[in-house]
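Quick notes on the structure that follows.
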Amino acid sequence: MGFSINAGLLDAMVLSIVQQNDTYGYEITQYLRKAVDISESTLYPVLRRLQKGELLETYDKEYMGRNRRYYRLTERGAASLEEYREEWRSHKKKVDSILLNEGVENNEQA
Amino acid sequence: MNKLEFLTKMRNRLEKFGLPQDDINDALSYYEEVFLDAGFGKEEETAAELGDPVEIADGILRDSGIHTADASQFPPRFDETQVQNTANPNGGSSKSNENFWLKFILLILTFPIWLPIIITLFALLFALMVTVVAIVAALIISGIAFIITGVYTVIDVPPVGILMIGIGLMITGLFVIIGSPTLRKIIPACGSLIRGLVDWIRGLFAKRGGQKNV
């Protein structure tokens with residue numbers, strides 16, 4: 001991957017994964033790995049941050065005789081995710097206009 | 001490194017810098033889960049993938065605003081960490097200083113344990129050297145004594161005198177053949193053994209001293 005992923009984008013992707021269904025740390029990493037090179041140790045601070053900001057909440061569920069920590073999107077998290085998505089759409093459009101020469105006539109040169 | 005080693009290293013590091021117990025448990029249960037979810041018999045692999053437990057712990061500490069003593073050796077990851085570093089510049093170093101003094105005091109307090117051990121080691125070595133020297137000296141002295149008494153006795157009782165001279169020559173010969181080369185090798189060997197022991201003890205202290213940087 002030649003492009004770096006910043007913290008905001010990582011937060012947004014984690015929120016989106018959790019929105020699909022409640023899930024646990026390891027699965028989130030596996031999911032993210034489809035798009036970015038990330039390790040469990042990178043994910044931990046992200047999850048902590050989202051939890052502290054009350055965008056995610058956790059609950060424990062038994063799995064094979066042990067507890068597994070599941071993450072669930074809060075209302076605040078869902079709202080934040082929508083903001084992220086909107087921001088991403090406009091960001092993507094701007095980047096595409098330059099990188100892929102798309103919609104040159106709409107290029108605002110911001 | 002297996003799961004237990006990994007988690008222990010992390011816990012030690014987090015406890016050392018005083019992260020609240022709740023946060024420690026939260027982090028450790030997360031990483032334990034990672035190991036468990038990665039599957040049985042893949043502990044070494046998972047640990048290698050995760051990286052250095054001490055560095056991970058340092059990252060968690062940084063995120064909680066705790067400055068670790070040797071964090072300056074690594075380039076700060078984000079700008080915000082730099083702000084945190086300047087916020088409490090000597091938070092970590094005073095802690096490591098305390099640690100050094102703690103170790104120093106511990107070293108003094110435990111001297112009834114390590115002092116006798118060192119003395120015993122030196123005493124054993126010394127005894128070994130003395131024994132070897134004594135045996136060799138006994139060989140020479142008894143050999144020469146046999147020859148001298150043999151010479152005197154040969155006048156009075158020739159057969160006994162000749163026998164004694166013979167024994168004396170044999171013993172002296174034994175010394176020349178076996179004793180002197182052994183002695184020539186053993187004395188330097190003892191010297192290097194003592195030097196090795198001294199170096200080892202010095203190394204032990206150096207290691208203790210070096211830990212103040214951790």
Side-chain angles (χ1 to χ4, degrees), chain A residues 1 3-15 17-18 20-72 74, chain B residues 1 3-4 6-7 9-11 13-14 19-20 22-66 68 71 74-84:
Chain A
M1 278 291 289
F3 305 109
S4 63
I5 296 285
N6 68 21
L9 203 50
L10 208 53
D11 286 10
M13 288 199 287
V14 170
L15 290 174
I17 291 168
V18 178
Q20 287 175 46
N21 45 51
D22 295 3
T23 180
Y24 51 95
Y26 187 77
E27 200 177 58
I28 297 173
T29 318
Q30 298 307 312
Y31 237 94
L32 283 170
R33 285 216 175 121
K34 291 178 183 173
V36 288
D37 186 22
I38 190 186
S39 82
E40 277 86 0
S41 19
T42 321
L43 185 66
Y44 179 70
V46 176
L47 290 171
R48 284 287 283 181
R49 190 165 57 229
L50 293 173
Q51 233 177 299
K52 279 202 178 138
E54 290 172 9
L55 303 179
L56 288 182
E57 56 189 14
T58 64
Y59 60 94
D60 289 346
K61 204 164 141 185
E62 209 193 286
Y63 170 79
M64 285 172 66
R66 63 180 165 93
N67 271 335
R68 197 179 242 173
R69 177 151 296 181
Y70 276 78
Y71 295 85
R72 174 167 53 206
T74 62
Chain B
M1 197 173 355
K3 180 180 88 182
L4 194 66
F6 187 96
L7 295 175
K9 274 185 187 167
M10 258 186 85
R11 178 183 285 281
R13 187 74 175 168
L14 294 173
L19 192 74
D22 279 353
D23 292 346
I24 293 179
N25 290 338
D26 189 276
L28 289 175
S29 62
Y30 172 84
Y31 280 96
E32 188 177 13
E33 229 180 84
V34 168
F35 274 100
L36 293 171
D37 284 327
F40 245 163
K42 285 177 87 176
E43 289 189 2
E44 304 277 331
E45 212 176 294
T46 308
E49 213 173 284
L50 285 172
D52 182 12
V54 172
E55 255 175 66
I56 292 174
D58 282 355
I60 293 168
L61 289 164
R62 258 200 302 278
D63 287 342
S64 313
I66 299 172
T68 52
F74 301 101
R77 264 194 251 164
F78 301 111
D79 286 337
E80 45 188 321
T81 42
Q82 213 141 27
V83 174
Q84 281 164 0

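Chain naming here is simple, since letters A, B, ... match the order of the sequence lines and numbering starts at 1 in each.
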I would like to know whether Asp26(B) and Arg48(A) meet side-chain contact (heavy atoms from CB on, under 4.5 Å); could you show each step before the answer? CA-CA 9 Å; Asp26(B) 189 276; Arg48(A) 284 287 283 181; 3.3 Å; yes
Is a donor on one side and an acceptor on the other found under 3.5 Å between the side chain of Glu33(B) and the backbone of Gly25(A)? no
Under 3.5 Å: donor-acceptor pair, side chain of Tyr30(B), backbone of Glu40(A): yes
Measure the spacing between OH of Tyr26(A) and OG1 of Thr46(B) and express it to the nearest 0.5 Å. 6.5 Å
Roughly how far, to the nearest 0.5 Å, is CZ of Arg66(A) from CG of Asp37(B)? 4.5 Å
Using heavy-atom distances under 4.5 Å, tell me whether Leu43(A) contacts chain B through its side chain, its backbone, both, or neither. both
Which atom names give the shortest non-hydrogen contact between Ile56(B) and Ser41(A), and what distance separates them? CD1-CB, 3.7 Å
Do other residues, nucleotides or ligands put more than 12 heavy atoms under 6.0 Å from Tyr70(A) OH? yes
